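Reading through the structure tokens given below for one structure.
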Amino acid sequence: MPELPEVETIVQDLRPLLQGRRVDRVDLRFPAIVRHPEPEAFVRELRGRRLGPLTRRGKYMLLELDAPLLLVVHLGMTGQLLHVVPEEPLRAHTHAILSLDDGTELRYRDVRRFGRLLLGSEAELVGSRKLPKLGPEPIDPDFKAVDLYHRLQGRKAPLKLLLLDQAVVAGVGNIYADESCFRARVRPDRPAGRLSRPRTARLHAALRDSLLEGILNRGSSVADYVDARGAKGRQQEVLLVYGRGGEPCFKCGRPLAAIRLGGRMTVFCRTCQR
DNA sequence: TTAAATTCCTGTAAGC
DNA sequence: TGCTTACAGGAATTTA
């Protein structure tokens, strides 16, 4: 599933390809994928716009337009944002196609349709709570271990659920939450508020390391994730615990535990993580 | 405010 | 082989 490293990879690839292009045509094939404004207004407002800088916030892609408008893309579970030539065969579950003035197309594809597209001014999207409040970027140098510590203090929910809470830190999903807890040698099911400062510092470093390595390897293609050219990433080949329940821990050799936290599969080592 | 449960959605894999 | 069923989970929404 697309998390911070996967979204960052797509954003880095697409940025130079989209900057300065004009949207000549908008083909909205599955209107419900647009969450704001009404689909008709979405198409009308987007057509003819010039594309500006593309950035990322958490798992959201933010594409600035020439008017003070933002095209927001969230990939959900199975979303793909593909930059292709029009001759490329149209695959099933393609919900939106933007035809650009250089003859290329930007296609949004999403099998499970958990993703979403939004269009509006920043004030409009944030003010109307179409976009949720997001916590700090975990790979931002200004985000320190002590910040994480304060955000976990007083919370009784299992640590992993807070890592997945986008209001606590932005961009972490199931894969990198499990990977970070293992690297930090902390149990994901511990009450978050009881994590000591040294352990929080380890977790903070592990979050950064896991996410930065994921970006370096162009993301984890565990299931559907591909980059803007349709190519898989490599991070799934070096994951330490995610999806490996029952298999031997790479560090101690004992079978990894698989439990359910907040309805999500969680894998960790009962020996190496405390 | 926090936390837990529910909902959305379909390809895949397991079970019979 | 072919059918049914469980499962994967991000985040909005609902409920406590």
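In this text, all values refer to a predicted model and were calculated from it rather than measured experimentally. Within every chain, numbering begins at 1; the chains are lettered A, B, ... in the order of the sequence lines, protein sequences first and strands thereafter.
Here the straight-line distance linking atom CG of A:Leu100 with atom CG of A:Leu18 works out to 6.5 Å at 0.5 Å rounding. Here A:Ser221 contributes atom OG and A:Lys232 contributes atom NZ; the two are 5.5 Å apart, rounded to the nearest 0.5 Å.
Atom CG in A:Leu75 sits roughly 18 Å away from atom P in B:dT10 (whole-Å rounding). A straight line from CG of A:Asn174 to P of C:dC7 spans 16 Å, rounded to a whole angstrom. Atom-to-atom, CG of A:Leu134 to P of C:dG10 comes out at 15 Å; the value is rounded to the nearest Å. As a whole-Å value, the separation of A:Asp165 CG from B:dT2 C1' is 10 Å. Atoms CE (A:Met77) and P (C:dA11) sit 10 Å apart, rounded to a whole Å. Rounded to whole angstrom, the span from the CG atom of A:Asp110 across to the P atom of B:dC8 amounts to 16 Å. One atom, CE of A:Met1, and another, C1' of C:dA11, lie 14 Å apart when rounded to the nearest Å. Protein atom CD of A:Glu3 is 13 Å distant from nucleotide atom C1' of C:dA11, rounded to whole Å.
Nearest-nucleotide positions on DNA chain C place A:Arg260 closer to the 5' end than the other of A:Val172 and A:Arg260. Two residues, A:Lys156 and A:Gly262, neighbour DNA chain B, and the one matched to the more 5' nucleotide by heavy-atom proximity is A:Lys156.
No cation-pi contact links A:Arg208 to A:Phe143, judged by a cut-off of 6.0 Å to the six-membered ring centre and 45° from its axis.
In this structure, A:His93 does not reach the B:dC9 phosphate: none of its side-chain N or O atoms is under 4.0 Å from OP1 or OP2. A:Lys59 has a side-chain polar atom (N or O) that falls below the 4.0 Å cut-off from OP1 or OP2 of C:dA11. Phosphate contact (OP1/OP2 of C:dA11, side-chain N/O of A:Gln166, threshold under 4.0 Å): present. Side-chain nitrogen and oxygen atoms of A:Arg112 include none within less than 4.0 Å of the OP1 or OP2 phosphate oxygen of B:dG11. Contact annotation: A:Tyr242 side-chain N/O to C:dG9 OP1/OP2 distance is under 4.0 Å.
In the set B:dA4, C:dA12, C:dG10, C:dG10 carries the atom at the smallest distance from any side-chain atom of A:Leu164. In the set B:dT2, C:dG10, B:dA4, the nucleotide with an atom closest to the side chain of A:Arg155 is B:dT2. When the nucleotides C:dA12, C:dC7, B:dA4 are ranked by their closest atom to the side chain of A:Pro132, C:dA12 comes out on top. Distances from the side chain of A:Met265 to the nucleotides C:dA8, C:dG10, C:dA12 place C:dA8 closest.
Ring pair A:Phe30/A:His95 is tilted by interplanar angle, where 30° to 60° counts as tilted.
Stacking annotation: A:Phe114 is stacked on the base of C:dG10 (ring centroids less than 5.5 angstrom apart, interplanar angle below 30 degrees).
With hydrogens and angles ignored, the 3.5 Å screen pairs a side-chain donor or acceptor of A:Arg50 with a backbone N or O of A:Gly20.
Checked options A:Thr266, A:Asp189, A:Asp165; the residue passing with A:Lys160 is A:Thr266 (criterion: side chain to side chain donor-acceptor pair (under 3.5 Å)).
Residue A:Tyr60 is classed as a sugar-phosphate contact, given heavy-atom separations below 4.0 Å to backbone atoms only.
Side-chain atoms of A:Arg264 and base atoms of C:dA8 include no donor and acceptor less than 3.5 Å apart.
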